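The shown structure was predicted, so the numbers you read here are calculated from the model rather than taken from an experiment.
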Amino acid sequence: MLLMTVAAATALAQSSSDIRAYIERFRQAALEQERAYGVPASITLAQGILESGAGKSGLARTANNHFGIKAFGGWTGRIYQAWDDEPQKSRFRWYNSAAESFRDHSLFLKNNSRYRSLFSKSVYDYRAWAIGLQKAGYATAKNYASALIGFIDSYQLYALNGGVKLRAGKTVKITRYVREKPVFDSECQLNDEEESEEEEQVNRAVRRFVVEINGVRCTILYPGETISSVAMRYDIPKQKLLEYNELTDEDEFNEGDIVFLAKKKSKFTGAQDFYRVKEGDSLYGIAQQFGIRLASLTKMNNMSFFSQLKTGEKLRVK
């Protein structure tokens, strides 16, 4: 997997304030890349937020690598090793500064034939760029494009270069320029206050931000993430993450799911003794919610893994 994506934990939180601080710190660098190479500033920043956990990932903090670019293609510089989807640690590029990472990201897109068609699109058409990046295979997450769009809409990154919030499925049209600033056809615009579908998804995930449950470090699987990318960010083998979360395949994870970064406990250590089952609950979901191993939860309640839950039923959690 080429890229990393965002996650939240004690030292690597991606709260809304972290994202805003990242935008403020690197907005000028993103605009410089747009002027020099034609990569939209909104896309550069959205990818930086997503791939580096708003600058909190080990790869970004230690190796100044904000876009998860691996050390291939004749790279002769320093190397940073981290887990991702390979059976052994992968080699990533180590930069002397964040500015080098931003420039190398632009050159990576500009000089790679897979992304050539993107540069025929307007720098204001961030939706087309996001969709194009996903189609070209920039990342493996199935919702990568919608995640980029969601971050751009949520944090008004489209306004960095004088652009507007775009309506899905509409062609970007500039009707005229006023003092060198573009004026857009109203059909392609959303009001800033109008929430796009992608924006709603991102906001819902960020609102669920967690760092610990039952004394065990964990995160939420954000839009655009995969378990492989979470493994790389926290330097934890993917197989260990599957083991901690009692699953056998990363495809069993869905956007918004809790992902534990260490082994869950045998019982809940908080004040609550029982949980009352709600409609749609599953034993596995309750085990994740309380940071309890599934086998422990079933044993405490004299159940099997296949037991059917009834709405209103009380389950012991300690």
Side-chain angles (χ1 to χ4, degrees), residues 5-10 12-16 53 141-144 146-147 150 154 195 197-231 233-234 236 238-318:
T5 45
V6 69
T10 304
L12 303 173
Q14 192 213 357
S15 65
S16 183
K142 296 177 181 178
N143 58 352
Y144 187 73
S146 63
S154 296
E195 192 174 57
E197 181 179 342
E198 297 88 351
E199 180 179 3
E200 195 276 331
Q201 291 170 350
V202 164
N203 287 340
R204 183 173 62 243
V206 173
R207 282 195 298 269
R208 294 193 65 200
F209 164 76
V210 293
V211 295
E212 191 175 277
I213 294 175
N214 202 23
V216 185
R217 285 204 315 156
C218 60
T219 183
I220 294 293
L221 193 68
Y222 286 93
E225 283 196 300
T226 65
I227 291 302
S228 295
S229 59
V230 173
R233 181 162 303 103
Y234 292 98
I236 300 171
K238 181 176 71 173
Q239 196 56 43
K240 279 292 183 183
L241 287 179
L242 292 172
E243 177 186 319
Y244 296 152
N245 291 276
E246 303 179 278
L247 295 176
T248 58
D249 193 295
E250 67 177 306
D251 288 338
E252 296 178 81
F253 285 95
N254 297 304
E255 176 188 313
D257 282 353
I258 296 166
V259 181
F260 282 93
L261 306 175
K263 190 174 182 178
K264 293 183 292 181
K265 296 182 178 179
S266 59
K267 64 180 180 179
F268 186 56
T269 58
Q272 189 171 343
D273 294 326
F274 295 93
Y275 173 77
R276 195 170 294 279
V277 174
K278 298 181 177 65
E279 185 177 354
D281 277 343
S282 66
L283 280 168
Y284 176 76
I286 295 168
Q288 291 291 94
Q289 182 179 336
F290 283 90
I292 307 169
R293 293 193 288 276
L294 181 58
S296 299
L297 180 64
T298 55
K299 184 177 181 180
M300 278 188 283
N301 291 279
N302 297 314
M303 291 179 166
S304 75
F305 294 148
F306 308 104
S307 295
Q308 297 296 311
L309 297 178
K310 297 179 181 178
T311 302
E313 180 180 6
K314 284 176 66 176
L315 292 183
R316 184 180 294 278
V317 295
K318 63 166 57 169

Who passes side chain to side chain donor-acceptor pair (under 3.5 Å) against [X], sequence neighbours left out?
X: N203; value: S154, E195
X: T269; value: N214
X: T248; value: E252

Are the side chains of [Y] and [X] in contact, using a 4.5 Å heavy-atom criterion?
X: R204; Y: E255; result: yes
X: L221; Y: I227; result: yes
X: N143; Y: Q201; result: no

From CA spacing to verdict: side-chain contact (heavy atoms from CB on, under 4.5 Å), T226, F253: CA-CA 8 Å; T226 65; F253 285 95; over 6 Å; no

Minimal non-hydrogen separation, [X] against [Y], with atom names:
X: S296; Y: S266; value: CB-O, 3.1 Å
X: G224; Y: A141; value: O-CB, 3.1 Å
X: Y275; Y: Q272; value: CA-NE2, 3.8 Å
X: C218; Y: I258; value: CB-CG2, 4.2 Å

Residues 238-246 side chain polar contacts: donor-acceptor under 3.5 Å, at least two apart:
| unit_1 | atom_1 | unit_2 | atom_2 | d |
| --- | --- | --- | --- | --- |
| K238 | NZ | E250 | OE2 | 3.1 |
| N245 | OD1 | F260 | N | 2.7 |
| N245 | OD1 | Q288 | NE2 | 3.1 |
| N245 | ND2 | L241 | O | 2.8 |
| N245 | ND2 | F260 | O | 3.0 |
| E246 | OE1 | K264 | NZ | 2.6 |
| E246 | OE1 | L294 | N | 3.0 |
| E246 | OE2 | L294 | N | 3.1 |

Atom pairs and distances, side-chain donor-acceptor, residues 308-318, under 3.5 Å, sequence neighbours left out:
| unit_1 | atom_1 | unit_2 | atom_2 | d |
| --- | --- | --- | --- | --- |
| E313 | OE1 | K310 | N | 3.0 |
| K318 | NZ | G270 | O | 2.3 |

Partner set under side-chain contact (heavy atoms from CB on, under 4.5 Å) for S282, not counting sequence neighbours: Y284

side-chain contact (heavy atoms from CB on, under 4.5 Å) assessment of T298 paired with S307: CA-CA 9 Å; T298 55; S307 295; over 6 Å; no

Distance in Å, L297 CG paired with F268 CZ, rounded so as to fall on 0.5 Å steps: 12.5 Å

Straight-line distance of M300 CE to I292 CD1, nearest 0.5 Å: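 That separation rounds to 4.5 Å.
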
I220 vs D257, side-chain contact (heavy atoms from CB on, under 4.5 Å): CA-CA, chis, key distance, verdict: CA-CA 6 Å; I220 294 293; D257 282 353; over 6 Å; no

